[in-house]
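Comments concern the structure below.
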Amino acid sequence: MKLPLEFYLRKNVTTIAKDLLGKILCTRIKNATTSGMIIETEAYSCRERGSHAFRGKTKRNEVMYENGGIAYVYLCYGIHEMFNVVTNVKDKAEAVLIRALSPLDGTATMMQRMNTDSLKRITSGPGKLTKALNIDRSFNGMSLSNNELWIEDRGIAIHTKDIVCGPRIGIDYAGEDAKLPWRFYLKEPKQKSTII
DNA sequence: TACGTGATCACG
DNA sequence: GTGATCACGTAA
């Protein structure tokens, strides 16, 4: 079942980042469905220096200011498309970066898109999972409850004790805010046993 | 460990 | 207009 809009409209972005672990990110492109379980996320808020929205609204980050439940997709390092989930209500600019998935549906399609035979390599990074699911900047601002792009709950329960948190990756420029423990991921052993 | 790659944004 | 910078991935 697709996540309801209320899931995304909540005000605590770190809570949403944790709650997204174990949920399923899916795309359906030209009859090909691909998906994976979310196993790593990072929270971003306009209140801290790590966020694109820290300095206010720009053409790139404007969708972060919309109501939650839509996608924020941008190009990083000139090569990689990055997928974020916009959260909170209009004008409260917050988002959750999806950093890694555990592949579920359409693995053959994803491996073909990634030009590899290795399951482990297709969705193990923020730039890779977008390519595997065929997400690009044309998805920017798109609702997460339509038939092309959505996140669903398949009843996989994640315990707090199985969630590891730590500082976010690649934001050294954010000064003290780079130390915020706003990166969340699943412990390895549990991650395997929850995939059935 | 180095570097490709191009959009973005804070400057003029 | 320009230039430094960047929420990464890969090869080595």
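Chain naming here is simple, since letters A, B, ... match the order of the sequence lines and numbering starts at 1 in each.
Scanning for side-chain hydrogen bond (donor to acceptor under 3.5 Å, both in side chains) contacts around Thr130(A) gives an empty result, with sequence neighbours left out. Here Arg55(A) pairs with nothing under the side-chain hydrogen bond (donor to acceptor under 3.5 Å, both in side chains) rule; sequence neighbours left out. Residues forming a side-chain hydrogen bond (donor to acceptor under 3.5 Å, both in side chains) with Glu148(A) (at least two apart in sequence, or on another chain): none. In terms of the salt bridge (Lys or Arg N to Asp or Glu O under 4.0 Å) criterion, residue partners of Glu176(A) (sequence neighbours excluded) are, by chain and number, Lys179(A). With sequence neighbours left out, Arg121(A) forms a side-chain hydrogen bond (donor to acceptor under 3.5 Å, both in side chains) with no residue at all. Under the salt bridge (Lys or Arg N to Asp or Glu O under 4.0 Å) criterion, Asp136(A) pairs with no residue, sequence neighbours left out.
Within a 6.0 Å sphere centred on NZ of Lys90(A), other residues, nucleotides and ligands contribute more than 12 heavy atoms.
At a non-hydrogen distance threshold of 4.0 Å, nothing from residues 7-25 of chain A comes into contact with DNA chain C.
Of the possible donor and acceptor atoms, none in the side chain of Asp105(A) sits under 3.5 Å from a partner among the backbone N and O of Gly36(A). Side chain of Asp162(A) to main chain of Lys187(A): no donor-acceptor pair is present (N/O by atom type, distance under 3.5 Å, no hydrogens or angles).
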>> For a quick check, with a 4.0 angstrom heavy-atom cut-off, what is the B/S/- contact string for nucleotides 4-12 of chain B, read 5' to 3'?
In response: BBBSSSS--
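Clustering of Ile, Leu, Val, Met, Phe, Trp and Tyr by side-chain heavy atoms under 4.5 Å joins Val63(A) with Tyr44(A), Met64(A), Tyr65(A), Ile70(A), Tyr72(A), Tyr74(A), Met82(A), Val86(A), Leu97(A), Ile171(A), Tyr173(A).
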Within the sub-3.5 Å range, which N or O atoms of nucleotides 10-12 of chain C have a protein N or O partner, and how far apart are they?
| from | atom 1 | to | atom 2 | distance (Å) |
| --- | --- | --- | --- | --- |
| dT10(C) | OP2 | Lys128(A) | NZ | 3.4 |

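With a 3.5 Å limit on both pairing distances and Watson-Crick or G-U wobble geometry required, the stems of 3 or more pairs in DNA chain C span B:1-4 with C:8-11, B:6-11 with C:1-6.
With 3.5 Å as the limit, one finds no donor-acceptor pair spanning the side chains of Ser124(A) and Lys120(A).
Distance Leu129(A) CG to dA7(C) P: 16 Å, rounded to the nearest Å.
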Mind listing the side-chain donor-acceptor pairs of residues 16-33 of chain A below 3.5 Å, one per line with the distance, residues two or more places apart or on another chain?
| from | atom 1 | to | atom 2 | distance (Å) |
| --- | --- | --- | --- | --- |
| Asp19(A) | OD2 | Arg10(A) | NH1 | 2.8 |
| Asp19(A) | OD2 | Arg10(A) | NH2 | 3.1 |
| Lys23(A) | NZ | Asp19(A) | O | 2.9 |
| Thr27(A) | OG1 | Thr34(A) | OG1 | 2.8 |
| Thr27(A) | OG1 | Leu133(A) | O | 2.8 |
| Arg28(A) | NH1 | Thr33(A) | OG1 | 2.8 |
| Arg28(A) | NH2 | Asn31(A) | OD1 | 3.2 |

